[in-house]
Amino acid sequence: LAHRAKRIYGITVIPVLSDYMKGYFMLRRPDDLERLLSMCMPSESEKDGWCNALKGHDLVAIVCESDSGLADAERLGVLLNTTYHNGVDEARRNKYLMVERVKEA
């Protein structure tokens, strides 16, 4: 998908592992740990470095490929101030809160 986005639309995709997937791969692929850690969500101490490294690039969106990474994707979109992000909202991941929000609307 990333190669097709680059070829057809000229878009570069930066794959980032959610904290959930990081935990899974650390258990299943300890031999590949260095590469996997380089693909993880930035920690609090790494956030400024990520933002500085991406300055000057048109950051359009964060695409989340699984429910387990949605919270991380929302936080990363806010952190990087992507063109299309709508903040962090627990109700997107919690069906009870989602129903409550609909009732309030």
Side-chain angles (χ1 to χ4, degrees):
L1 187 59
H3 295 294
R4 187 175 177 145
K6 179 71 170 174
R7 185 173 43 92
I8 295 173
Y9 302 106
I11 297 170
T12 298
V13 175
I14 303 170
V16 178
L17 293 176
S18 67
D19 288 340
Y20 177 84
M21 292 305 295
K22 174 177 117 179
Y24 172 81
F25 283 123
M26 287 177 73
L27 291 173
R28 300 285 181 193
R29 304 285 307 269
D31 55 312
D32 203 13
L33 195 56
E34 187 174 332
R35 184 181 71 85
L36 291 171
L37 289 177
S38 72
M39 296 172 58
C40 291
M41 283 284 296
S43 66
E44 289 296 320
S45 63
E46 297 170 320
K47 287 181 179 180
D48 289 339
W50 271 59
C51 291
N52 290 334
L54 294 170
K55 269 189 182 160
H57 295 278
D58 185 18
L59 303 176
V60 179
I62 303 296
V63 177
C64 183
E65 294 185 10
S66 69
D67 288 347
S68 63
L70 186 55
D72 289 333
E74 289 177 348
R75 287 194 305 275
L76 189 58
V78 170
L79 168 72
L80 298 176
N81 194 29
T82 58
T83 303
Y84 299 102
H85 76 80
N86 53 1
V88 177
D89 188 350
E90 179 65 26
R92 287 191 197 93
R93 297 171 302 284
N94 181 314
K95 297 299 183 197
Y96 175 79
L97 288 177
M98 190 181 298
V99 169
E100 291 301 306
R101 294 272 172 85
V102 170
K103 285 181 187 176
E104 293 169 3

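All residue numbers refer to positions in the sequence shown, counting from 1. As the structure is a computational prediction, the values presented were derived from the model and not from experiment.
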Original post:
What's the shortest heavy-atom distance between Trp50 and Cys40, and which atoms?
Top reply: CZ2-O, 3.4 Å
Original post:
Can you name the side chain to side chain donor-acceptor pair (under 3.5 Å) partners of Asp31, sequence neighbours left out?
Top reply: none
**OP:** Determine, stepwise, if the pair Cys51 / Leu80 fulfils side chain to side chain contact (heavy atoms under 4.5 Å, CB included).
**Re:** CA-CA 6 Å; Cys51 291; Leu80 298 176; 4.0 Å; yes
Original post:
CE/Met39 to CE/Met21 distance, rounded to the nearest 0.5 angstrom?
Top reply: 10.0 Å
Subject >> Heavy-atom closest pair, residues Gly87 and Val78 >> reply: CA-CG2, 3.7 Å
Original post:
What is the minimum heavy-atom distance between Asn81 and His85, and which atoms define it?
Top reply: OD1-NE2, 3.6 Å
Determine all donor-acceptor pairs shorter than 3.5 Å in which one atom belongs to a side chain in residues 52-60; sequence neighbours excluded.
| from | atom 1 | to | atom 2 | distance (Å) |
| --- | --- | --- | --- | --- |
| Asn52 | OD1 | Lys55 | NZ | 3.4 |
| Asn52 | ND2 | Asp48 | O | 3.2 |

Subject >> Residues that Thr12 engages under side chain to side chain donor-acceptor pair (under 3.5 Å), provided they are two or more places apart >> reply: Lys6
Subject >> Single-linkage hydrophobic cluster Leu27~Phe25, side-chain heavy atoms < 4.5 angstrom >> reply: no
Subject >> Pair listing, side-chain hydrogen bond (donor to acceptor under 3.5 Å, both in side chains) test, anchored in residues 14-28, at least two apart >> reply: none
Subject >> salt bridge (charged side-chain N to carboxylate O under 4.0 Å, His left out) partners of Arg101, counting only residues at least two apart >> reply: Asp89
**OP:** Please name all residues satisfying side chain to side chain donor-acceptor pair (under 3.5 Å) with Ser68, sequence neighbours left out, ordered by chain then number.
**Re:** Ser66
**OP:** Rounded to the nearest 0.5 Å, what's the gap from CG on Leu17 to CE on Met26? Could you check?
**Re:** 11.0 Å
**OP:** Answer yes or no: is there a side-chain heavy-atom contact under 4.5 Å between Leu76 and Met41?
**Re:** yes
**OP:** Measure the spacing between CD of Glu90 and CZ of Arg92 and express it to the nearest 0.5 Å.
**Re:** 10.5 Å
Subject >> Ile62 with Leu70, same ILVMFWY side-chain cluster at under 4.5 Å >> reply: no
